[in-house]
**Student:** 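First the structure, then my questions, so here it is.
Values below: every heavy atom of this structure, side chains too, minus hydrogens, waters and symmetry copies. The structure displayed is predicted, hence computed values, not measured ones. We name chains A, B, ... by the order of the sequence lines, and we start the count at 1 in each one.
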2 protein chains.
Amino acid sequence: MTRKLETVLETLKGTHCAESLQSLVEDLRGIYDVEHVVYHALNIAGSPYAALTYTNEWVDRYIEEDLGRIDPVIQTAMRRFHPLDWKRLDWTPPGARTMLGEAIANGLGNQGYTLPIRGPRGQFALFTVNASAADRSWDSFTAETAQDLMLISHFIHQKVLEIENVEEKAPGRELSPRERDTLHFLALGYGRAQIADRLGISEHTLRVYVDSARFKLGALNATHAVAVAVSSGIIFP
Amino acid sequence: MTRKLETVLETLKGTHCAESLQSLVEDLRGIYDVEHVVYHALNIAGSPYAALTYTNEWVDRYIEEDLGRIDPVIQTAMRRFHPLDWKRLDWTPPGARTMLGEAIANGLGNQGYTLPIRGPRGQFALFTVNASAADRSWDSFTAETAQDLMLISHFIHQKVLEIENVEEKAPGRELSPRERDTLHFLALGYGRAQIADRLGISEHTLRVYVDSARFKLGALNATHAVAVAVSSGIIFP
DNA sequence: CCTGCCCTCGCAGTTTCGGGGGAGTTGAAG
DNA sequence: CTTCAACTCCCCCGAAACTGCGAGGGCAGG
């Protein structure tokens with residue numbers, strides 16, 4: 001473990017609020033000698049939840065024009081498990097290049113490295129370091145620092161989940177196997193009649209399962225129940 | 001970075017199939033001097049996908065009786081972001097203690113440390129090390145090794161996603177903002193009339209959004225579309 | 001300029017869903 | 001032995017959702 005990493009994790013232990021998280025990312029900028037450091041959670045405690053070093057102008061601009069919708073970093077990170085290097089992204093979509101140009105004009109470096117992080121209920125965050133550098137020196141930087149960044153990003157996310165006390169509460173009762181089967185097939189788009197047929201039971205029986213699953217999950221209807229079940233990892237569609 | 005970790009990550013680079021992954025977890029047993037090492041993906045390429053060192057008897061038993069349903073390790077890990085130590089789990093649920101006893105009778109150690117890992121489409125896996133040890137020495141082991149394990153677990157999961165070539169393909173087209181809004185509210189359990197009202201549009205217009213979202217996602221009905229959207233991270237309910 | 005996408009609105013008819021009632025068996029836990 | 005949860009089956013009916021047919025305006029990219 002590098003000394004830098006040690007320092008960071010130590011600081012993180014003493015972090016118990018959003019403000020000190022903000023100062024942590026500012027410190028990280030100096031520690032790793034980069035232009036910007038960003039922790040950006042897309043769906044925690046009212047999006048967006050963030051600790052970042054970008055200028056306010058750029059952040060306002062970004063939010064105002066909803067640039068997240070065309071930002072290739074976000075769009076790509078949502079579908080990836082690995083960290084991603086900005087220069088390997090697809091910048092061809094309309095508006096992407098323009099956005100990058102404006103970003104750089106607003107003080108961003110030309111290089112970036114972003115790690116996607118995912119929580120138990122689909123809480124999704126990005127951890128990004130950004131700097132101005134030539135490709136070659138940036139490559140050696142990322143190669144050296146990749147593991148530090150992975151650990152830091154996870155510990156920060158962990159801390160955020162704690163701060164925002166995202167409960168890890170269980171749903172009232174567990175679902176029974178039949179209830180899970182039912183939700184599973186519902187999530188695949190089948191109707192009650194078809195599912196009942198496939199499970200070899202009467203449609204009325206199946207309805208009982210849908211109802212009890214709905215009740216246990218506190219859902220208003222089948223669609224809601226499926227959404228809850230999928231996002232809680234109860235079923236995998 | 002410890003030398004152990006270096007060795008492991010190096011080996012992992014040369015890993016390109018499920019068999020070599022299996023031998024990697026066997027090696028890990030020796031490298032970290034533990035009883036068992038398990039990588040267990042719950043929803044990749046037909047569940048369960050696993051590389052593990054448990055005895056076949058125990059695995060068969062586990063699958064046959066669907067012990068995953070009562071195993072506190074799995075049940076808890078599904079709702080947690082942090083790694084979890086088995087001895088801090090809640091073993092009171094009916095059958096849990098019994099199961100642990102049988103597990104130990106089948107060659108498991110009494111101590112365990114499990115890390116949950118999540119992929120972009122909700123691919124969920126567990127990485128577990130298991131050993132026989134007194135609480136005290138186990139605690140110092142986990143404290144020392146926690147970061148190694150976090151990195152190893154992530155690299156293994158990454159490798160598995162590659163091996164099983166889980167595509168990171170985008171859905172055909174992106175959803176429009178209205179379509180996403182619509183799915184979002186559907187996922188919250190509201191009816192079309194209510195959503196139309198909230199969005200300030202006619203119910204018929206809303207229907208067009210539901211239909212086009214359904215079409216873009218290749219879904220059979222609204223419930224299916226919501227399930228796809230939630231599991232793809234397009235919406236966060 | 002035209003194509004394509006996004007946003008908006010409408011009717012009629014069929015199917016499915018959800019609310020409201022029931023009832024009986026098994027099996028495991030207390 | 002009782003209790004409780006899970007699993008199975010049945011009815012009626014109103015309210016939703018889905019199907020299939022339309023229509024037009026606005027705005028961007030090729």
Side-chain angles (χ1 to χ4, degrees), chain A residues 65-66 69-70 92-99 170-183 185-227, chain B residues 65-67 69-70 91-99 170-183 185-227:
Chain A
E65 302 196 22
D66 196 12
R69 286 190 45 222
I70 55 168
T92 55
R97 276 256 165 248
T98 317
M99 197 207 66
R173 273 192 305 285
E174 305 291 328
L175 297 186
S176 75
R178 280 311 211 192
E179 286 159 354
R180 255 177 293 129
D181 290 344
T182 302
L183 287 182
F185 284 116
L186 279 177
L188 293 177
Y190 298 106
R192 294 196 301 206
Q194 293 161 337
I195 301 173
D197 193 47
R198 182 159 312 195
L199 294 179
I201 56 179
S202 82
E203 191 184 338
H204 299 123
T205 304
L206 189 112
R207 246 192 66 187
V208 175
Y209 297 141
V210 180
D211 287 346
S212 58
R214 227 163 16 112
F215 180 73
K216 285 181 181 174
L217 296 173
L220 297 166
N221 54 35
T223 302
H224 191 191
V226 166
Chain B
E65 301 196 23
D66 196 13
L67 291 178
R69 286 189 44 223
I70 55 169
W91 292 95
T92 54
R97 277 256 166 247
T98 317
M99 197 208 65
R173 273 189 306 285
E174 304 291 327
L175 298 185
S176 74
R178 280 309 213 192
E179 286 159 354
R180 253 176 296 130
D181 290 343
T182 302
L183 288 182
F185 285 117
L186 278 176
L188 294 178
Y190 296 107
R192 297 205 294 208
Q194 294 164 328
I195 301 172
D197 193 46
R198 182 163 306 198
L199 294 178
I201 57 179
S202 83
E203 196 182 332
H204 295 270
T205 304
L206 188 110
R207 228 196 55 194
V208 175
Y209 297 142
V210 180
D211 287 346
S212 57
R214 232 174 1 126
F215 180 73
K216 285 180 182 174
L217 297 173
L220 296 167
N221 55 33
T223 302
H224 191 192
V226 166

**Student:** Answer yes or no: is there a side-chain heavy-atom contact under 4.5 Å between A:Tyr209 and A:Ile201?
**Tutor:** yes
**Student:** For B:Glu179 and C:dT8, what is the distance between atoms CD and P respectively, to the nearest whole Å?
**Tutor:** 11 Å
**Student:** Rounded to the nearest angstrom, tell me the gap between atom CZ in A:Arg180 and atom C1' in D:dC7.
**Tutor:** 14 Å
**Student:** Less than 4.5 Å apart, side chain to side chain, heavy atoms only: is that true for A:Leu199 and A:Arg178?
**Tutor:** yes
**Student:** Starting at atom CZ of A:Phe215, determine the distance to atom C1' of D:dA5, rounded to an integer number of angstrom.
**Tutor:** 13 Å
**Student:** Examine C:dC9: is either OP1 or OP2 under 4.0 Å from a nitrogen or oxygen in the side chain of B:Thr205? Give yes or no.
**Tutor:** yes
**Student:** Between atom CD1 in B:Ile201 and atom P in C:dG10, what is the gap in whole Å?
**Tutor:** 11 Å
**Student:** What distance separates B:Tyr190 OH from B:Asp197 CG, expressed to the nearest 0.5 Å?
**Tutor:** 12.0 Å
**Student:** Atom CG in A:Leu183, atom CZ in A:Arg214: separation rounded to 0.5 Å?
**Tutor:**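 Rounded to the nearest 0.5 Å, the CG-CZ separation comes out at 10.5 Å.
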**Student:** Any chance you could list the contact pattern along nucleotides 12-30 of chain C? Use B for base contacts, S for sugar-phosphate-only contacts and - for none, protein heavy atoms under 4.0 Å, 5' to 3'.
**Tutor:** B----BBBB----------
**Student:** Are the side chains of A:Ile195 and A:Leu186 in touch, meaning some heavy atoms are under 4.5 Å apart?
**Tutor:**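 Contact flag for A:Ile195/A:Leu186 side chains = yes.
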**Student:** B:Leu183 has an atom CG; how far is it from atom P of D:dA17, in whole Å?
**Tutor:** 14 Å
**Student:** Are B:Tyr209 and C:dT8 close enough that a side-chain N or O sits under 4.0 Å from OP1 or OP2?
**Tutor:** yes
**Student:** CG of A:Asp181 versus P of D:dC7: gap in Å, rounded?
**Tutor:** 9 Å
**Student:** So what does B:Ser176 hit on the nucleic acid, given a heavy-atom distance under 4.0 Å: a base, only sugar-phosphate, or nothing?
**Tutor:**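 Sugar-phosphate, no base atom in range.
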**Student:** Distance check: side-chain N/O of B:Ser202 vs OP1/OP2 of C:dT8, anything under 4.0 Å?
**Tutor:**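 B:Ser202 to C:dT8 OP1/OP2: no side-chain N or O under 4.0 Å.
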**Student:** It should be established whether B:Lys216 places a side-chain nitrogen or oxygen under 4.0 Å from OP1 or OP2 of nucleotide C:dC6.
**Tutor:** yes
**Student:** Could you check if a side-chain atom of B:Asp211 sits within less than 4.5 angstrom of a side-chain atom of B:Val208, using non-hydrogen atoms only?
**Tutor:** no
**Student:** Can you find a heavy atom in the side chain of A:Leu217 that is under 4.5 Å from one in the side chain of A:Leu175?
**Tutor:** yes
